[in-house]
Amino acid sequence: MSGRELDDNPLDEYAARASRDLASQNTDVNNASVERVESGQVSLRESFAQHVQASATYMEDAAAGIVKTNSLDARDVSIGVAMANTVQTDTLHAGVLAANQLEGQEVRTGLLFAFHVRGNVHSAVSPLAALAIGAGFATTLVLMRLVFGLARRRHSKS
């Protein structure tokens, strides 16, 4: 046997073939609650999924815990955490939304990470606001420590 034959793992070819097959699959979930959906293209209508992972995802009147996808098209959807390259939506509510491009008629999110945003998008905390809040908190801690230090010195001198 040559060294090349020893290094070849038969599971590598199987994993590559399974990945190619998965990318070409379409999965439709209608009026159901599922734990996990992994497919090339996912359509989730009037359903709930704990975890969705796909190349392209279409959601309508649906909810999901975590969505990881390249392209998300959402209509009246609620998501805990969404990570996508592009998001097109009419109404989307998300706890955390990370996207390269976001376009929506009505988007409400707790924390938003997006490079290009178009539409009516509301975020409770943007990255810039989070940075400002953190800086304010750190400044408050430093000032409190100085004030308490000065108070202790004055108290110890008396």
Side-chain angles (χ1 to χ4, degrees), residues 15-16 18-19 22-23 25-158:
S19 292
L22 182 63
Q25 287 184 352
N26 295 332
T27 303
D28 291 323
V29 179
N30 292 309
N31 296 317
S33 179
V34 296
E35 184 176 330
R36 185 175 198 84
V37 180
E38 288 187 42
S39 188
Q41 295 182 359
V42 171
S43 175
L44 196 68
R45 290 188 172 105
E46 297 179 5
S47 299
F48 170 76
Q50 287 182 3
H51 186 95
V52 176
Q53 186 164 347
S55 295
T57 304
Y58 175 78
M59 297 176 70
E60 182 177 331
D61 295 322
I66 299 172
V67 175
K68 294 179 186 176
T69 187
N70 184 46
S71 173
L72 174 62
D73 188 1
R75 306 286 176 251
D76 297 319
V77 171
S78 294
I79 300 173
V81 177
M83 295 170 277
N85 186 37
T86 61
V87 176
Q88 293 269 338
T89 183
D90 64 354
T91 303
L92 172 66
H93 297 274
V96 177
L97 177 59
N100 185 26
Q101 297 179 2
L102 169 62
E103 183 175 346
Q105 293 176 3
E106 183 67 29
V107 178
R108 296 202 178 272
T109 181
L111 184 58
L112 174 66
F113 297 97
F115 291 108
H116 306 285
V117 177
R118 290 192 322 187
N120 191 11
V121 178
H122 303 278
S123 177
V125 181
S126 68
L128 186 55
L131 180 63
I133 291 167
F137 184 69
T139 302
T140 301
L141 288 176
V142 169
L143 290 175
M144 294 285 287
R145 191 175 288 166
L146 288 173
V147 167
F148 285 128
L150 288 173
R152 274 192 225 144
R153 281 190 225 145
R154 286 190 181 177
H155 187 285
S156 65
K157 288 182 182 179
S158 11

Can you tell me how far the [atom1] atom of [X] sits from the [atom2] atom of [Y], to the nearest 0.5 Å?
{"X": "Asn31", "Y": "Leu44", "atom1": "CG", "atom2": "CG", "value": "10.5 Å"}
{"X": "His51", "Y": "Arg36", "atom1": "NE2", "atom2": "CZ", "value": "4.0 Å"}
{"X": "Leu92", "Y": "Thr109", "atom1": "CG", "atom2": "OG1", "value": "7.5 Å"}
{"X": "Leu112", "Y": "His122", "atom1": "CG", "atom2": "NE2", "value": "12.0 Å"}
{"X": "Ser78", "Y": "Arg108", "atom1": "OG", "atom2": "CZ", "value": "12.5 Å"}

[X] and [Y]: which non-hydrogen atoms are nearest, and at how many Å?
{"X": "Leu72", "Y": "Ala84", "result": "CB-CB, 4.3 Å"}
{"X": "Arg75", "Y": "Gln88", "result": "NH1-O, 3.8 Å"}
{"X": "Thr69", "Y": "Ser55", "result": "OG1-O, 3.3 Å"}
{"X": "Ser123", "Y": "Gly110", "result": "OG-O, 3.7 Å"}
{"X": "Ser43", "Y": "Asp28", "result": "CB-OD1, 3.0 Å"}
{"X": "Ser47", "Y": "Asn30", "result": "OG-C, 3.4 Å"}

| note | In short, side chain to side chain donor-acceptor pair (under 3.5 Å) pairs touching residues 137-147 with sequence neighbours left out are none
Using a 4.5 Å cut-off on heavy atoms from C-beta on, say whether the side chain of [Y] contacts that of [X].
{"X": "Asn100", "Y": "His116", "value": "yes"}
{"X": "Val87", "Y": "Val107", "value": "no"}
{"X": "Met83", "Y": "Ile66", "value": "yes"}
{"X": "Val29", "Y": "Val37", "value": "yes"}
{"X": "Met59", "Y": "Val52", "value": "no"}
{"X": "Arg45", "Y": "Tyr58", "value": "yes"}
{"X": "Asp90", "Y": "Asp76", "value": "yes"}

| query | Could you walk me through whether Leu97 and Val121 pass the side-chain contact (heavy atoms from CB on, under 4.5 Å) check? | reply | CA-CA 11 Å; Leu97 177 59; Val121 178; over 6 Å; no
| task | Consider only side-chain N and O atoms of Asn120 and Glu106, and report whether a donor and an acceptor are under 3.5 Å apart. | result | yes
| note | Across all chains, not counting sequence neighbours, the salt bridge (charged side-chain N to carboxylate O under 4.0 Å, His left out) partners of Glu103 are Arg118
